[in-house]
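Predicted, not measured: the structure shown is a model, and the values here were computed from it.
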Amino acid sequence: MGAHVSRDDFEWTYTEEPHASRRKEILAKYPQIKKLFGYDPNFKWVVFGMMSLQFISWFFLWDKSWPVILIFAYCFGGVINHSLMLAIHEISHNLAFGHSRPLANRLLGIFVNLPIGLPFAVSFKGYHLEHHRYQGDEKLDTDIPTLLEAKLFCTTLGKFFWVMLQPLFYVFRPVVTYPKKPTLWEFINVVIQMSFNTFVVQYFGWKIMVYMVVGSLMAMGLHPVAGHFISEHYMFRKGFETYSYYGPLNFITFNVGYHNEHHDFPAVPGSKLPEVKRIAPEYYDNLPQHHSWSRVLYDFVMDPDIGPYARIKRKHKGLDS
């Protein structure tokens, strides 16, 4: 089974999350960062280009063997779909058309969701914005593993399987730990996605349907681009709860690696986050940081000091109804 993790509980803190106070301090010193707020007018064209590549690939793969389908799903289709998931992350912050056009952002999110195969764009926004607002909250931040996950996957082998199963935890954890009443827009998201999936099966066949969905799941698990799930908030150094990644995969993931910068300034599009770091380097250069998501995955599995317990948590302050 390998080494057992050295922790038997999460890292509890009674201080506020660090991003709001740092944002205030940075803006007082560098008010020009406010000029970066808004949206990226080129974002939608980049997304349309990625989706076009994905759709074109279906014409070349629909009649290929299953091994070829699965290899391309892992190496190509899954990577594009993971990038599209991160595009939906950008859209959840209204960074495609700006805060003045919420409907346009929402509709684009549902459209970008189509090649991924699993309807999540609308639900993701609600949970993700609470992750920003209530980072570390034991109830409201569903990015944090459950106690059951931490207890079950507490060895080297266990952590390996936990990484592989990450997509399932991301899908079902919020539903179990913090269920919300479904909204009309979530229903619309599901209906549109299922209709599109039916179209794909009818005109391209089940192989392409598997290529879509399995590629999405594989690229969320034991895959280099999925390293950001762990690199962002798992405590690789005691007392630090958010980490940036400054490596080449930012190029295809809308700079999600600039995660300290993103949490400090969620109103800044991913394309402009490097500029935040350039303007205020003294706030970011000395923070613990990552340069390889593959190394993050390796260290998470092999290092007994890191595991599902290695998260900073805060007691929920809300009132029980």
S.K.: Should the pair K277 and Y246 be classed as cation-pi, given the thresholds of under 6.0 Å to the six-membered ring centre and 45° from the axis?
M.R.: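 Verdict for Y246: a cation-pi partner in K277.
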S.K.: If the plane angle is over 60° it's perpendicular, under 30° parallel, otherwise tilted; pick one for H93 and H89.
M.R.: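 H93 and H89: perpendicular rings.
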S.K.: Under the side-chain contact (heavy atoms from CB on, under 4.5 Å) test against P269, which residue among N42, D40, L36 passes?
M.R.: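 Testing each of N42, D40, L36 against P269, the sole residue satisfying side-chain contact (heavy atoms from CB on, under 4.5 Å) is D40.
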S.K.: Looking at side-chain heavy atoms only, is the closest gap between L27 and F265 below 4.5 Å?
M.R.: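 Sidechains of F265 and L27: in contact.
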S.K.: Can a side-chain donor-acceptor contact be found between Q289 and S244 if the only test is distance below 3.5 angstrom?
M.R.: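 Result is no, nothing qualifies.
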S.K.: Pairing donors with acceptors under 3.5 angstrom, does anything connect the side chains of Y284 and D264?
M.R.: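 Indeed, the side chains of Y284 and D264 share at least one donor-acceptor pair under 3.5 Å.
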S.K.: Hey, is the main chain of F120 close enough, under 3.5 Å, to the side chain of S123 for a donor-acceptor pair?
M.R.: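 No; judged by distance alone, with no hydrogens or angles, the pair does not exist.
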S.K.: Do the two ring centres, one from Y74 and one from H223, sit under 6.0 Å apart?
M.R.: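 Yes - the distance between ring centres of Y74 and H223 falls below the 6.0 Å cut-off.
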S.K.: Mind listing the closest non-hydrogen atom pair of F43 and A87 along with its distance?
M.R.: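 In terms of heavy atoms, the two residues are closest at CZ-O, 3.5 Å.
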S.K.: Go through it in stages, so that I can follow the logic: the residues are K180 and E130, the test is salt bridge (Lys or Arg N to Asp or Glu O under 4.0 Å), and I'd like the CA-CA distance, side-chain angles, deciding distance and then a yes or no.
M.R.: CA-CA 12 Å; K180 297 182 179 184; E130 291 193 347; 3.5 Å; yes
S.K.: W62, L53: one ILVMFWY side-chain cluster at the under-4.5 Å cut-off?
M.R.: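 Yes, W62 connects to L53 through the hydrophobic network.
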S.K.: Quick one: OG1 on T183 to NZ on K125, what's the gap to the nearest 0.5 Å?
M.R.: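 T183 OG1 to K125 NZ: 11.0 Å, rounded to 0.5 Å.
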S.K.: Please determine whether residues M212 and I110 belong to a single hydrophobic cluster, defined as Ile, Leu, Val, Met, Phe, Trp and Tyr linked transitively by side-chain heavy-atom distances below 4.5 Å.
M.R.: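 Yes.
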S.K.: How are the rings of F169 and W162 set to each other: parallel, tilted or perpendicular (split at 30° and 60°)?
M.R.: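 The arrangement is parallel - the two ring planes meet at less than 30°.
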S.K.: Run the numbers on F240 and F236 for ring pair (Phe, Tyr, Trp, His ring centres under 6.0 Å), then give the verdict.
M.R.: CA-CA 8 Å; F240 292 90; F236 283 76; over 10 Å; no
S.K.: One pair to check against side-chain contact (heavy atoms from CB on, under 4.5 Å): Y258 and V276. What are the steps and the verdict?
M.R.: CA-CA 9 Å; Y258 286 79; V276 171; over 6 Å; no
S.K.: Testing the basics here: between L118 and L217, what is the closest heavy-atom pair and its distance to 0.1 Å?
M.R.: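 Heavy atoms only, the tightest pair is CD1-CD2, 3.9 Å.
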S.K.: Is there a side-chain contact between L114 and I192 (heavy atoms, below 4.5 Å)?
M.R.: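 A side-chain contact exists here, since the closest heavy-atom pair is under 4.5 Å.
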S.K.: Hey, what's the ring geometry for H128 with F124, parallel, tilted or perpendicular (30° and 60° as the breaks)?
M.R.: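 Parallel: the ring planes of H128 and F124 meet at under 30°.
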S.K.: Quick one, I188 and W185 - any side-chain contact, counting heavy atoms below 4.5 Å?
M.R.: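 Heavy-atom side-chain distance check passes, below 4.5 Å.
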S.K.: Please examine the side chains of V5 and K159, heavy atoms only from C-beta on, and report whether any two atoms are closer than 4.5 Å.
M.R.: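 Yes, side chains in contact.
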S.K.: For Q54 versus W58, what's the shortest heavy-atom pair and its separation?
M.R.: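 For Q54 and W58, the tightest heavy-atom pair comes out as O-CD1, 3.1 Å.
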S.K.: Would you mind reporting whether F37 and V268 have side-chain heavy atoms less than 4.5 Å apart?
M.R.: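 The answer is yes; the side chains approach within 4.5 Å.
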S.K.: Please tell me whether L152 and F300 are part of a single hydrophobic cluster in this structure, the criterion being side-chain heavy atoms less than 4.5 Å apart.
M.R.: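 As far as the 4.5 Å side-chain criterion goes, F300 and L152 are connected within one cluster.
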S.K.: Atom CZ of R311 and atom CE of M235: how far apart are they, to the nearest 0.5 Å?
M.R.: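 Taking CZ in R311 and CE in M235, the distance rounds to 10.5 Å.
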S.K.: Are N197 and Q193 close enough that a side-chain donor and a side-chain acceptor fall under 3.5 Å?
M.R.: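 Checked: N197/Q193 side chains pair up, N/O donor to acceptor below 3.5 Å.
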S.K.: Side chains of T142 and H131, heavy atoms from C-beta outward: is any pair under 4.5 Å?
M.R.: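 Result no, sub-4.5 Å side-chain heavy-atom pair not found.
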S.K.: Can you tell me how far apart CZ (R237) and CD1 (I306) are? Round to the nearest 0.5 Å.
M.R.: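 The CZ atom of R237 sits 11.5 Å away from the CD1 atom of I306.
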S.K.: Compute whether any side-chain donor of one residue and acceptor of the other, for S292 and S294, lie under 3.5 angstrom apart.
M.R.: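 No, S294 and S292 have no side-chain donor paired with an acceptor closer than 3.5 Å.
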S.K.: Among H19, E232, H263, which one satisfies side-chain hydrogen bond (donor to acceptor under 3.5 Å, both in side chains) with T242?
M.R.: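 When side-chain hydrogen bond (donor to acceptor under 3.5 Å, both in side chains) is applied between T242 and each of H19, E232, H263, only H19 qualifies.
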S.K.: Give the intermediate values and the outcome of ring pair (Phe, Tyr, Trp, His ring centres under 6.0 Å) for residues F204 and F59.
M.R.: CA-CA 8 Å; F204 290 91; F59 291 92; 5.2 Å; yes
S.K.: For residues S83 and I252, report the shortest heavy-atom separation together with the two atoms involved.
M.R.: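 Minimum heavy-atom separation between S83 and I252: OG-O, 2.5 Å.
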S.K.: Out of curiosity, F111 CZ to M51 CE, how far, rounded to the nearest 0.5 Å?
M.R.: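 Interatomic distance, F111 CZ to M51 CE, rounded to 0.5 Å: 4.0 Å.
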S.K.: Apply the side-chain hydrogen bond (donor to acceptor under 3.5 Å, both in side chains) test between Q135 and each candidate in E17, K313, E241, R314; give the one that qualifies.
M.R.: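 Of E17, K313, E241, R314, side-chain hydrogen bond (donor to acceptor under 3.5 Å, both in side chains) with Q135 is met by E241 alone.
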S.K.: Please report the shortest heavy-atom distance between A310 and D305, naming the atom on each side.
M.R.: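 Between these two residues, the closest heavy atoms are CB-O, 4.4 Å.
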S.K.: Kindly assign one of parallel, tilted or perpendicular to the pair Y170 and F229, based on the angle between their ring planes and the thresholds 30° and 60°.
M.R.: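 Geometry flag for F229 against Y170: tilted rings.
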S.K.: Does a side-chain N-to-carboxylate-O contact under 4.0 Å join D143 and R173?
M.R.: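 Answer for the salt bridge query: no.
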S.K.: Hey, would you say the H82 and H228 ring centroids sit under 6.0 Å apart?
M.R.: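 Under 6.0 Å, so yes.
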S.K.: Once you measure the plane-to-plane angle for Y243 and H290, does it fall in the parallel (<30°), tilted (30-60°) or perpendicular (>60°) bin?
M.R.: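 The arrangement is tilted - the two ring planes meet at 30° to 60°.
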S.K.: Quick one: do E275 and R278 make a salt bridge, cutoff under 4.0 Å?
M.R.: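 Yes, E275 and R278 are salt-bridged.
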